[in-house]
Amino acid sequence: MGRIEGAALSVRALTVLLPVLLVAGVVAVPPLRGDDAESAMPAPPPRGQICAPDRRVTLYAERVGDGVGYGLTSETARVPGPTLTMVEGQCLAVTLVNHTRRRVSIHTHGVGYTPRSDGTPLNKGCTAPGESRTYVFEAHKTSRRADGTVEPGSAGYWHYHDHCMGTDHGSRGIEAGLFGALIVRRKGDPLPDRPPFVVAMVNDTINLRYAPDTPVFRANEGERIEFVVIGHGELFHTFHLHGHRWADTRTGTLRRSDGNVAVVDNRTVGPADSFGFQVVAGEQVGPGAWMYHCHVQSHADAGMSGLLLVRTPDGRLTPSARDALDAWRRHGHRGHP
Amino acid sequence: MGRIEGAALSVRALTVLLPVLLVAGVVAVPPLRGDDAESAMPAPPPRGQICAPDRRVTLYAERVGDGVGYGLTSETARVPGPTLTMVEGQCLAVTLVNHTRRRVSIHTHGVGYTPRSDGTPLNKGCTAPGESRTYVFEAHKTSRRADGTVEPGSAGYWHYHDHCMGTDHGSRGIEAGLFGALIVRRKGDPLPDRPPFVVAMVNDTINLRYAPDTPVFRANEGERIEFVVIGHGELFHTFHLHGHRWADTRTGTLRRSDGNVAVVDNRTVGPADSFGFQVVAGEQVGPGAWMYHCHVQSHADAGMSGLLLVRTPDGRLTPSARDALDAWRRHGHRGHP
Amino acid sequence: MGRIEGAALSVRALTVLLPVLLVAGVVAVPPLRGDDAESAMPAPPPRGQICAPDRRVTLYAERVGDGVGYGLTSETARVPGPTLTMVEGQCLAVTLVNHTRRRVSIHTHGVGYTPRSDGTPLNKGCTAPGESRTYVFEAHKTSRRADGTVEPGSAGYWHYHDHCMGTDHGSRGIEAGLFGALIVRRKGDPLPDRPPFVVAMVNDTINLRYAPDTPVFRANEGERIEFVVIGHGELFHTFHLHGHRWADTRTGTLRRSDGNVAVVDNRTVGPADSFGFQVVAGEQVGPGAWMYHCHVQSHADAGMSGLLLVRTPDGRLTPSARDALDAWRRHGHRGHP
C-alpha cells in the first residue's frame with residue numbers, strides 16, 4: 001500500500017500500476033499542491049469559474065457501439081468513462097469535445113463549481129454537437145469557518161455524468177453510457193496498488209453489460225485494491241462482494257477508533273449514489289474467483305454479476321479459480337444453466 | 001449561524017428569520033427547559049401519557065385542494081404540514097382537530113409516546129371526524145442507563161404523519177398530504193438562519209407537486225440553511241442537491257474528528273426515511289440557481305425537481321440566476337422541452 | 001443486560017433466556033476462545049478451508065409447508081433458519097444435510113471462507129440432494145496490518161442463505177425460505193436478555209408470512225432486546241419500529257462519543273442488506289403493543305407488519321396491550337378493516 005505522499009508508494013506497486021494506468025486511461029494523481037509549496041501568485045479564476053485550474057483534461061464524447069462514452073482521446077471512449085482522480089485542494093479544468101449529434105455535458109458530484117460549470121440546461125451548461133466547452137471543478141479541503149463550524153472537504157468516491165442529452169436531466173446520455181468515476185483523495189489516504197475497479201449499476205446492467213461480459217477484475221493476493229460503486233438510471237440495487245467486507249466510512253477503511261462503525265459486504269445503491277472502499281485482495285480467504293453482484297435476485301440472475309479474480313501472490317491462477325473462470329465464461333446467467 | 005442557546009443567535013439572523021417564521025407557520029423554538037431552571041414541582045403527566053406538557057400546539061386536519069393537510073390554524077392548513085421543532089428535554093402536547101370526514105391521527109417518528117399517543121387504530125389512537133384529541137410527545141435527552149450503556153437522545157430530523165385514514169397504516173392520509181417535518185435539536189446544535197426547507201418525496205412528487213410548482217427555496221449567499229428530506233408512500237428515491245454537499249451524520253454537519261465520515265450529495269430515501277443537513281448557501285460556489293431533484297431519471301424528468309435560489313449576500317439575483325429562474329418557470333419537465 | 005463475558009450476564013436474564021433459547025433453537029454462544037486460554041497447538045485447517053473449527057453445527061435443509069427451511073434437527077426446520085451466533089476469533093464448521101430434491105448450499109455474509117465454502121455453483125459449493133457437505137467460516141478479529149492500516153473484524157448482524165437452488169444465485173431457495181440470521185459479536189458487546197428477534201423482509205412478506213401470522217415478539221419492560229433485520233428477494237423495504245429508536249452504528253447502540261451519529265427508527269433494507277440493534281423494551285414509553293412494519297404503504301397494508309408486545313416488568317399484559325393484541329389477531333390487514 002502506498003499513501004498519497006508519493007514517497008510511500010512502494011516500488012512494486014508503481015511497477016505494477018503505472019503501465020496499467022496508462023493502458024486503462026486512468027488519470028494519474030499529479031503532485032500535491034502542498035501547503036508549503038512555493039506558489040508565488042496563483043492565477044485568478046477564469047471569468048465565472050470557481051478556481052484557476054492547475055490541471056487540465058480533455059474528454060471526448062463519442063459513439064461507442066450502440067451507445068455513447070467519454071474518452072481521454074477520441075479513439076478510447078468507453079463505458080464507463082475514464083476514472084478522474086483529484087486530491088483535495090486541486091482545481092481541474094475538463095474540456096469536453098462533443099463528437100455526438102446531440103447536446104451533452106459533464107456534471108460532477110462532490111466537487112465545487114459555479115453555475116457555469118453545473119453542466120445543466122438550466123444553467124446553459126450544455127455543449128452543442130461539434131462544439132467544445134470547458135468545465136472547472138474544485139476539490140475543497142476541509143476547513144473551519146469563521147463561526148467555528150466545519151466545511152466538509154470534497155474527499156470521496158464520486159462520479160460525473162451527462163446532464164443534457166435527451167432530457168433536462170440527461171437521461172438519454174446516462175442510459176447510453178455517459179458516466180464515469182471521480183475520486184477525490186485526502187492527503188494521507190491510502191492508495192490502491194491497482195487502478196480502481198469501477199462498477200456502475202445502471203438499469204439492470206453493470207457498466208451497460210450483462211454477465212459474462214461484465215468486468216473480471218484481476219489482482220494478486222495481498223494487493224490493496226479499490227472498488228468504486230455507482231448507481232444510475234431507474235432502478236435500485238444492492239452491491240455484494242464475496243469473501244471480502246469493508247467499513248461504512250468515507251474511505252471504506254477503518255481506524256482503530258471506528259469500533260462502533262458498521263462493517264458491511266452488501267449495500268443499497270440508488271441512482272447517483274456512489275461509494276468506494278479498499279480491501280486487501282484475498283485477505284484471510286486466499287486466492288480464488290470471488291463474485292460481485294447485485295443481490296436483487298432477478299437482477300443477479302439476469303446478469304448483474306462479475307468476478308474479482310484473486311491470483312496467488314506471484315500472479316498465478318489456482319486450479320479452482322481457473323475452473324470457476326471457465327464456468328463463468330460458459331454459463332448463460334439467465335436462470336439455472 | 002446561531003446556536004440554540006438564544007444569546008448566540010445573531011441579530012441579523014433573527015431579523016431575517018422571525019417574520020418568515022411567522023408567515024411560514026413554523027413553530028419557533030421556545031426557551032430551553034434548562035437543567036438549572038427553577039422548576040419547582042413538575043406537574044405529573046396526564047393519565048396514560050409520557051410526560052407533563054410544557055408546550056402545546058393545536059393542529060387542524062383540513063381539506064386542501066384535492067387533498068388534506070395539517071395547519072396551525074384552520075385556514076393555513078397546507079402540504080406538508082407545519083414544521084414542528086423541539087429541543088431534547090421538552091414535552092409537547094399536540095391537539096389534533098379533525099375537520100375532515102374520515103378518521104385521522106398524528107403519528108410521530110423519533111420522539112417518545114405511550115400507546116395512547118401512538119396514533120394508530122391498533123392502539124385506539126385515531127381522531128374521529130369532527131372530534132379532537134391530544135397526543136403527547138417527549139423529546140428525550142441522551143442518558144446513561146444504570147448498567148452503563150447509553151440511551152440515545154431524540155435529536156434528529158424526523159417527521160409526523162397520519163396513521164388512520166383509509167387503512168390501518170394511514171395510507172390514504174399520507175398520499176393526500178397528512179405529513180410534516182419534526183426537528184428535535186440538541187443543546188449546542190447549530191441553528192439555521194432561515195426556516196428549514198422541507199422536501200417530502202411522496203410517490204413521484206415533491207410535496208405532492210411537480211416542477212415547476214415545486215418549492216423554490218431562497219437564501220442569500222453565506223446564510224446557513226437547513227434541509228429536511230422525508231420519504232413517503234410507495235416509491236424509493238434519491239435526493240440530490242447541486243453545488244453543495246453534506247456529512248452523513250445526525251446533523252449533516254461535520255466535526256473535525258469526523259474525518260472518516262462519508263460526505264455525500266446524493267442519498268437514497270425510502271418511505272418514512274428522513275434526514276436533514278445544514279449547508280452554507282453558495283459556499284465556495286457563489287450565488288446561482290441550484291437544482292435539487294430525485295436522481296431516479298424518470299422521476300426527475302417527470303417533475304421531482306426544485307430550485308435552491310442563492311442570491312448575492314445583499315439579496316439580489318444574479319443575471320444567471322434570473323435567467324435560470326425564468327427558464328425553470330417555463331419548462332415543461334416532462335421530457336426534453 | 002449482560003456482556004459477553006459470561007459473569008456479567010444477570011441471573012434473571014439467564015433464567016429467562018436459557019429455556020427460550022433451547023426451545024427457539026438458537027445456538028448459544030460458547031465460551032470465548034480467550035487470548036489467554038491454554039490452546040496448546042491449534043489443529044491445522046482442513047484441506048482448502050480457512051481455519052480449524054472449534055465449533056460444529058449441523059443444519060438440515062428440509063421441506064417446511066410449501067417451502068424449504070434450515071433446521072438444527074431434521075424435525076425443527078423452519079423459516080427463517082436458526083440464528084447462528086459467533087464471537088470474533090471463532091472458527092465454525094456447518095455441516096449441511098440436504099433432505100430436499102434439489103441442490104442447496106449455505107452462503108454466509110460477513111465472515112471469512114475459502115472458495116470451497118463459498119456455497120456457490122461457481123466454486124462447486126452446492127450440496128446435492130441426499131448428500132451432506134461441511135462449510136467452514138471464520139469470524140475475524142480486528143487486526144492491524146503490517147502497513148499500519150486496520151483489517152475490519154467480522155462483528156456485525158449478518159445472515160446466511162442458499163446460493164444454489166433454482167438459479168446460480170439460489171433465487172428459488174431464498175424465496176422458499178432458505179435463509180437465517182448470523183450474529184458475530186465482539187468481546188465487550190452488550191448481550192440481549194432474550195434470543196434475537198429476526199425480521200426477514202422477503203418479497204412482500206415478513207419471514208414469508210403476512211399479518212397477523214407474522215411474529216409477535218414478547219418482552220418485559222426493561223429487558224434488553226435485540227432485532228436483526230434482513231432483506232431478501234426482489235423488493236426494497238423500510239423497517240420501522242414504533243416507540244423505540246436506535247443508533248446507526250455496528251451494534252445499533254450508542255457510545256457517549258457518538259454524539260454526531262444518526263439515531264433512526266426507520267431504515268431502508270434492500271435485498272441481502274442486514275442490520276441489527278438493541279433497545280430496552282418499553283424504555284421511557286412503557287408496556288404496550290408496539291408495531292413494527294415495512295413503511296412502504298402498500299406493503300404494510302398487505303401484511304408486512306408485526307408486533308413487539310412489551311409486558312409489565314413482572315410479565316403481565318396491560319389492558320391496552322391485550323386489546324391491541326385481540327384487534328391484531330382479528331384484523332384483515334388488506335386495507336381498512
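Just so you know, these numbers use all the heavy atoms, side chains as well, and skip hydrogens, waters and symmetry mates.
Salt bridge A:Asp258/C:Arg255: absent, no basic N to carboxylate O contact under 4.0 Å. Salt-bridge check for C:Arg250 with C:Asp189: passed, with a basic side-chain N closer than 4.0 Å to an acidic carboxylate O. Between C:Arg145 and A:Glu283 there is a salt bridge, with a side-chain nitrogen of the basic residue lying less than 4.0 Å from a carboxylate oxygen of the acidic one. The pair A:Arg194-A:Glu223 meets the salt-bridge criterion, since a charged nitrogen lies less than 4.0 angstrom from a carboxylate oxygen.
Heavy atoms closer than 4.5 Å to chain C are found in both the backbone and the side chain of A:Val263. With a 4.5 angstrom heavy-atom cutoff, C:Ser154 touches chain A via backbone and side-chain atoms both. Using a 4.5 Å cut-off between heavy atoms, C:His163 contacts chain A through its side chain alone, with no backbone atom that close. The parts of A:Ser298 that come within reach of chain C are both its backbone and its side chain, each placing non-hydrogen atoms under 4.5 angstrom from that chain. The contact between A:Leu307 and chain C is made entirely by side chain atoms (from C-beta outward), counting heavy-atom distances below 4.5 Å.
Annotation: maximal heavy-atom pairing with chain C below 4.5 Å, among A:Ala247, A:Gly288, A:Gly282, A:Gly259, occurs at A:Gly259. Note on A:Val264, A:Leu254, A:Leu325, A:Val269: by heavy-atom pairs under 4.5 Å with chain C, the leading option is A:Leu254. Heavy-atom pairs under 4.5 Å with chain C were tallied for A:Asn260, A:Asp248, A:Thr318; the largest tally goes to A:Asn260. No other option in A:His293, A:Arg245, A:His244 has as many heavy-atom pairs under 4.5 Å with chain C as A:Arg245.
Interface with chain A: from residues 110-119 of chain C, residues C:Gly110, C:Gly112, C:Tyr113, C:Thr114, C:Pro115, C:Asp118 qualify, criterion being any non-hydrogen pair under 4.5 Å. Within residues 230-240 of chain A, the residues approaching chain C closer than 4.5 Å by heavy atoms are, in numerical order, A:Phe236, A:His237, A:Thr238, A:His240.
In this structure, C:Tyr157 has its ring center at least 6.0 angstrom away from the ring center of C:Phe227. Checked against the 6.0 Å centroid threshold, C:His109 and A:His295 count as a close aromatic pair.
Side-chain contact between C:Asn123 and A:Ser320: present, with at least one pair of heavy atoms (C-beta onward) separated by less than 4.5 Å. Here the side chains of A:Ser305 and C:His169 are in contact, with some heavy-atom distance below 4.5 Å.
In terms of the salt bridge (charged side-chain N to carboxylate O under 4.0 Å, His left out) criterion, residue partners of A:Asp323 (sequence neighbours excluded) are, by chain and number, C:Lys124.
Side-chain N/O atoms of C:Thr149 and A:Arg224 include a donor and acceptor closer than 3.5 Å.
The environment of CZ in C:Arg101 is sparse: at most 12 heavy-atom neighbours from other residues, nucleotides or ligands sit within 6.0 Å. Heavy-atom neighbours of A:Arg144 CZ from other residues, nucleotides or ligands within 6.0 Å: above the threshold of 12.
Evaluation of the salt bridge (charged side-chain N to carboxylate O under 4.0 Å, His left out) test over residues 305-315 of chain A, restricted to residues two or more places apart or in two chains, returns A:Asp314-A:Arg316.
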Do C:Arg186 and C:Thr142 pass the side chain to side chain donor-acceptor pair (under 3.5 Å) test, and can you show the C-alpha distance, the side-chain angles, and the key distance before you say yes or no?
CA-CA 9 Å; C:Arg186 181 163 297 163; C:Thr142 301; 3.2 Å; yes

